[in-house]
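The structure appears below as structure tokens.
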Amino acid sequence: MRHPALDKRNPLGHDRSRPLMPEGSPMSRPDMPPYSAPTIEARWQAAWDEAGCFRAKADPEKPKYYVLEMFPYPSGRIHMGHVRNYTMGDVVARHRRATGHAVLHPMGWDAFGLPAENAAMASGGHPKDWTYANIADMRGQMKPLGFSIDWSREFATCDPEYYGQQQALFLDMLDADLVTRRAAVVNWDPVEMTVLANEQVVDGKGWRSGAEVERRELTQWFFKISDMAGDLLDALDGLDDWPAKVKLMQANWIGRSRGLELAFQMTEPAQGFDSIPVYTTRPDTLLGASFVAVSPDHPLAKALSAEDPSIAAYCEEARKGGTTEEAIETAEKTGIDTGLRVRHPLDDSWELPVWIANFILMDYGTGAIFGCPAHDGRDLDFARKYQLPVVSTFVPAQGEHVRPEEGADAFTPQKSEPVRYVKLFAGEEVQTSDQGVEAAVAQAEAEGWGKGVTRYRLRDWLLSRQRYWGCPIPVIHCADCGAVPVPRDQLPVELPEDVTFDRPGNPLDRHPTWGRAPCPQCGKEARRETDTMDTFVDSSWYYARFTAPQAVTPTEMDEAAYWMNVDQYIGGIEHAILHLLYSRFFARAMVKTGHLPASAREPFDALFTQGMVTHEIYQSRDENGRPVYHFPEEVEGGKLKDTGAPVEVISSAKMSKSKKNVVDPVGIVATYGADTARWFVLSDSPPERDVEWTASGAEAAYKHLSRVWRLAHEAASSQDKPNAVADTALERARHKIVHEVSQVIESFGFNAAIAKLYGFTNMLSKSDAGAGVKQKAARTLVQLMAPMTPHLSEELWTLLGGDGLCAQAPWPKADRAMLVEDSITLPIQVNGKRRGEIQVARDLAVAEIERLALEAVSRSLDGVAPKKVIVVPGRIVNVVA
RNA sequence: GCCGGUGUGGCGGAAUGGUAGACGCAGCGGAUUCAAAAUCCGCCGAGGCAACCCCUCGUGAAGGUUCGAGUCCUUUCACCGGCACCA
């Protein structure tokens, strides 16, 4: 039989002119067939299908377990990152099934989005055809990997059955006052005729068209997520099984701040304004105020612009500022004096100038600030540029201090640090700034000139997109009745299929008939909403839909109550903020609208963020010195295979097509089999860290599986007689490995599980135990490997006389008594340095251990009497000399 | 700038405050073979030593706590990630 590794197009870049395990080798006996992954993998996948092993069935007798990996975008090709993500979920799912849980492990497709429209524009097809074809391709690539997924629950978010329920959900959220519609400033690409997300604006230009992006005010739909900001922040505390890093990122994103809102009265009313409301987190520095500044988008600035061309010109210029990080960092702080003046709230005779400044944001706080240059770097830059006063309000509690008014940087210590107030109006002279702020707020409230407020950075979620390939917003706009919800019996509002992508803009907008609909309220001719929903909406509730994917309502309460919450969610750190925050919002919204039980308010009990799969990059230079990248299979021994030209090896990075450092899982599965791919992506690195794909590592994984294959066959055909010492040793090791692997799998230590299984394999191969004990050990080995290498394990399980399917066998249990060693090795230290060791009975008296220890290290002590002997039972002995 | 994380052999990485370097890769030596591959056995941080005994050094750097520190504390350097004119 021709081994698959004979295929010279294998993706590892090794010219494999020989099979890895040829027949006729000493190890290959007539009764031992070679390890042929393709044969056994196909066979057992069929067997699992037939037995329906992975169908999720609610069972009141069992604890339930819902494991979910972030579902993929159907690009058409799976990559190693998918393999790693889904393998981790599969290990958890298989392990939980074996430990007696009713497991839900579903899969679906995050199928709406721009790439489908781009493909339609590029090649003239239809986004729907492109998407469903990709789904079929990817499913075809995924199934050979043998994931224990309940495929009967599969859906795509572009199925009308799914997005129709999403529309129903939207209408319920509208009724529950979770949705609103208002004007918003957006990035508008005048060539593409659509709104762009911030990340699609590069250097102020549209990423595709290259056209200068305009800031336009459009009426848009929003989810009122900011109403829940406080709860979304506070509830992070309860998410004990989420990475601290993710919780911190979310907390920063939500961005709670405590401060004071106060109004500066104008000396003379202007443009209908008699005061300027200001928000500050530093009311304790109010006596250091030197100016008031408003945003160029502030109503006052707009009103002044109408009168004064120089102000209008300044505001126009200030708004242009680039959106890139670099532009923001290097942008100079600029402003223009309005000539208006305001009174200081604590001193009627104190007047401050009012400026318009480019660094004030309209959509945070009130769009206006008071500047305190002594204690804010930005304000100090601004004050120095325009010769405004600098006045310190506090100095360090102790020590020397050069004040900002003497040329030093702005003094901005941590708010928890005590400082000495030199201009004080509330609280103690020496207090922390936190205390100073609270005292100032209390005083302002008592005296009635200000109000303490808690603010959030988190904005409402803009969900309107001027795109075709998304979920239509189920609303009809009537000239008389306004925005009217589509009646529920008319859902889903389906996307029309006869659309064209030959012109920019939204095809829904220019469709001849689709947009026309009678007003559901008055019956008059009206227009459909042609915006579709942000695709983040689709992925914000799919986890709930998996509990009843065919339901004619968004969810079914009893199914949702049984399966929710997701016990273990697994995905990339890149979704730490938006996707997870939106999902948390949606779960709350679904509780409020009666689609989820109250207990599912936080949908993901535990979250795991896995690292990427990386690979070295191979680079050479063309005649102009520009870098040229090469696929791994084009390189051998540091040289290009066809020309022999040397390549530069650049250190590992995330696999990407542009750098050509990609390894295709399909090729790996064809060459080595799914089990090898699964085993490799879990070995070597902790799951939360990146793992580097190497050809030698993949080959090593394959060799190991082949070795287990041989050992299992040897054990199965062994005629060796029992051997008391070896039998006991192996049996003890067997219980120990069961204990260890169970423990590390539960704590996501997949790489550690693999390392321990390597160790046990080494032990088994060297053991002189009798046939029966060896077979038992081998059977345990393959069972413990089964979550990682299910096909190989299934085949060997059967060979070794396992009962039924390994996939359905109960997880082995370790006998505690077998884990305890009778005799232990104690290292002996002298002054913390290891100088010897002793073998003692586990329960030997401390005094006796001390005696033996001193004896063992007498040479190192060199006659010196020990001052002290520290015995850590079962661990170590340290002699202090 | 602010917040967070990580620094351990040639490489990926192990080590509840208790024998630093598990396990794997690469490398070296041996067995097997006509020869090779595959497989099996062994070695594999640096330095010293006749020596697989043993000694010294060693977890980015410098201090500290402790009988004992990769692990805890302080300072510092480097790299990675997130946020970023948020008042």
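Throughout, protein chains are lettered first and strands after them, A, B, ... in sequence-line order, and every chain is numbered starting at 1. All heavy atoms count here, side chains included; hydrogens, waters and symmetry mates do not.
- Look at CD1 on A/Ile849: it is 18 Å from P on B/G18, rounded to the nearest Å.
- Which of B/A87, B/G12, B/C23 sits closest to the side chain of A/Thr280 comes down to B/A87.
- Base pairing analysis places B/C85 opposite nothing; no Watson-Crick or G-U wobble pair with both distances below 3.5 Å involves it.
- Going from atom CZ of A/Arg707 over to atom C1' of B/C41 covers 11 Å, rounded to whole Å.
- Looking at heavy-atom distances under 4.0 Å, A/Asp379 makes no contact with the nucleic acid at all.
- Paired with A/His375 under the rule side chain to side chain contact (heavy atoms under 4.5 Å, CB included), one option of A/Thr393, A/Leu380, A/Asp284, A/Val390 passes, and it is A/Thr393.
- Residue A/Phe291 is tested with A/Phe382, A/Phe370, A/Tyr386 for a ring-ring contact (aromatic ring centres under 6.0 Å, His included); the sole match is A/Phe382.
- Pairing for B/C53 is absent, judged as Watson-Crick or G-U wobble with the two contacts each under 3.5 Å.
- Residue order along RNA chain B, read from the 5' end via each residue's closest nucleotide, puts A/Leu248 first among A/Arg282 and A/Leu248.
- Using P as the reference atom, B/A51 and B/A26 are 30 Å apart when rounded to the nearest Å.
- To the nearest angstrom, P of B/A87 lies 17 Å from NE2 of A/His298.
- Comparing the P positions of B/C3 and B/U74 gives a spacing of 15 Å, expressed to the nearest Å.
- Counting any heavy atom pair closer than 4.0 Å across all strands shown, A/Tyr758 reaches sugar-phosphate atoms only and no base atom.
- In the set B/U16, B/U39, B/A14, B/A14 carries the atom at the smallest distance from any side-chain atom of A/Pro686.
- Between A/Phe750 and A/Phe748, the ring planes are tilted. Angles from 30° to 60° get that label.
- Comparing B/A61 with B/C52, their C1' atoms are spaced 35 Å from each other, to the whole Å.
- The listed nucleotides are B/C67, B/G24, B/G81; the one nearest the side chain of A/Lys245 is B/G81.
- Among the atoms of the strands shown, none is found under 4.0 Å from any heavy atom of A/Leu826.
- Taking atom NE2 of residue A/His704 and atom C1' of nucleotide B/C23, one finds them 10 Å apart after rounding to whole Å.
- Rounded to whole angstrom, the span from the CD1 atom of A/Ile876 across to the P atom of B/U16 amounts to 14 Å.
- For the P atoms, the distance from B/U76 to B/G4 is 15 Å, rounded to whole Å.
- Comparing the C1' positions of B/A46 and B/U59 gives an interatomic distance of 14 Å, to the nearest angstrom.
- Across all strands shown, nothing is found opposite B/C44 as a Watson-Crick or G-U wobble partner with both distances under 3.5 Å.
- Residues A/Thr614 and A/Glu692 have side chains that never bring a donor and an acceptor to within less than 3.5 angstrom of each other.
- Contact annotation: side chain of A/Lys868 to base of B/C67, donor-acceptor pair absent below 3.5 Å.
- For A/Arg689, counting side-chain heavy atoms from C-beta on, the closest listed nucleotide (B/C25, B/A14, B/U16) is B/A14.
- Ring geometry for A/His713 versus A/Trp709: interplanar angle of 30 to 60°, hence tilted.
- Residue A/Val880 is in sugar-phosphate contact alone, with no base atom involved, counting any heavy-atom pair closer than 4.0 Å across all strands shown.
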Full working for side-chain hydrogen bond (donor to acceptor under 3.5 Å, both in side chains) between A/Tyr314 and A/Thr334
CA-CA 9 Å; A/Tyr314 172 77; A/Thr334 64; 2.7 Å; yes
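- Checking B/A87, B/C25, B/G7 against every side-chain atom of A/Ser257, the shortest atom distance belongs to B/A87.
- Between the P atoms of B/C2 and B/G10, the separation comes to 36 Å (whole Å).
- With hydrogens and angles ignored, no donor-acceptor pair closer than 3.5 Å exists between the side chain of A/Arg835 and the base of B/U19.
- One finds no side-chain N or O of A/Asn878 lying less than 4.0 angstrom from the OP1 or OP2 phosphate oxygen of B/U66.
- A/Lys247 comes within contact range of no nucleotide atom at all, as no heavy-atom separation falls under 4.0 Å.
- Of the candidates B/U19, B/C23, B/C83, B/C83 carries the atom nearest the A/Trp253 side chain, counting heavy atoms from C-beta on.
- Between A/Tyr364 and B/A87, a side-chain N or O to OP1/OP2 separation shorter than 4.0 Å is present.
- The nucleotide B/C23 finds its pairing partner in B/G12, both defining distances of the Watson-Crick or G-U wobble pair being shorter than 3.5 Å.
- A/Leu361 comes within contact range of at least one nucleobase, with a heavy-atom separation under 4.0 Å.
- You'll find that the side chain of A/Glu837 is closest to B/U19, out of B/A38, B/U19, B/A14.
- Side-chain atoms of A/Ile369 lie closest to B/A87 of the nucleotides B/G42, B/A87, B/G12.
- Base pairing of B/A37: no nucleotide in any strand meets the Watson-Crick or G-U wobble criterion (both distances under 3.5 Å).
- For the C1' atom pair drawn from B/G58 and B/G42, the interatomic distance equals 26 Å after rounding to whole Å.
- Electrostatic pairing of A/Lys774 and A/Glu714 does not count as a salt bridge here, judged by no charged N lying under 4.0 Å from a carboxylate O.
- The residue among A/Tyr456 and A/Arg875 whose nearest nucleotide of RNA chain B lies closer to the 5′ end is A/Arg875.
- Test A/Lys766, A/Lys756, A/His704 against A/Thr761 for side chain to side chain contact (heavy atoms under 4.5 Å, CB included) and you get one pass: A/His704.
- Atom CD1 of A/Ile737 and atom C1' of B/C23 are 11 Å apart (whole Å).
- Nucleotide B/U66: unpaired (no Watson-Crick or G-U wobble partner with both distances less than 3.5 Å).
- Closest contact between the side chain of A/Ser685 and the listed nucleotides B/G12, B/U16, B/U39 involves B/G12.
- Residue contacts for A/Arg455: at a heavy-atom cut-off of 4.0 Å it reaches no nucleic acid atom on any strand shown.
- Nucleotide B/C79 is matched to B/G5 when pairs are restricted to Watson-Crick or G-U wobble geometry with both distances under 3.5 angstrom.
- Rounded to a whole Å, the CG atom of A/Leu262 is 12 Å from the C1' atom of B/A87.
- Comparing B/G18, B/U39, B/U19 by their nearest atom to the side chain of A/Thr825 picks out B/U19.
- Per the geometry, CZ belonging to A/Phe680 stands 19 Å off P belonging to B/C23, to the nearest Å.
- For B/A84, the OP1/OP2 oxygens have a side-chain nitrogen or oxygen of A/Arg457 closer than 4.0 Å.
- A ring-centre distance under 6.0 Å is not found for A/Tyr672 and A/Phe680.
- Outside the 6.0 Å centre-distance limit, the rings of A/Tyr758 and A/Phe760 are not counted as a close aromatic pair.
- Using a 4.0 Å heavy-atom cutoff across all strands shown, A/Ser683 reaches no nucleic acid atom at all.
- Within 4.0 Å (heavy atoms only), A/Glu692 reaches no atom of the nucleic acid at all.
- Close to B/C40, at under 4.0 Å from its OP1 or OP2, lies a side-chain N or O of A/Arg710.
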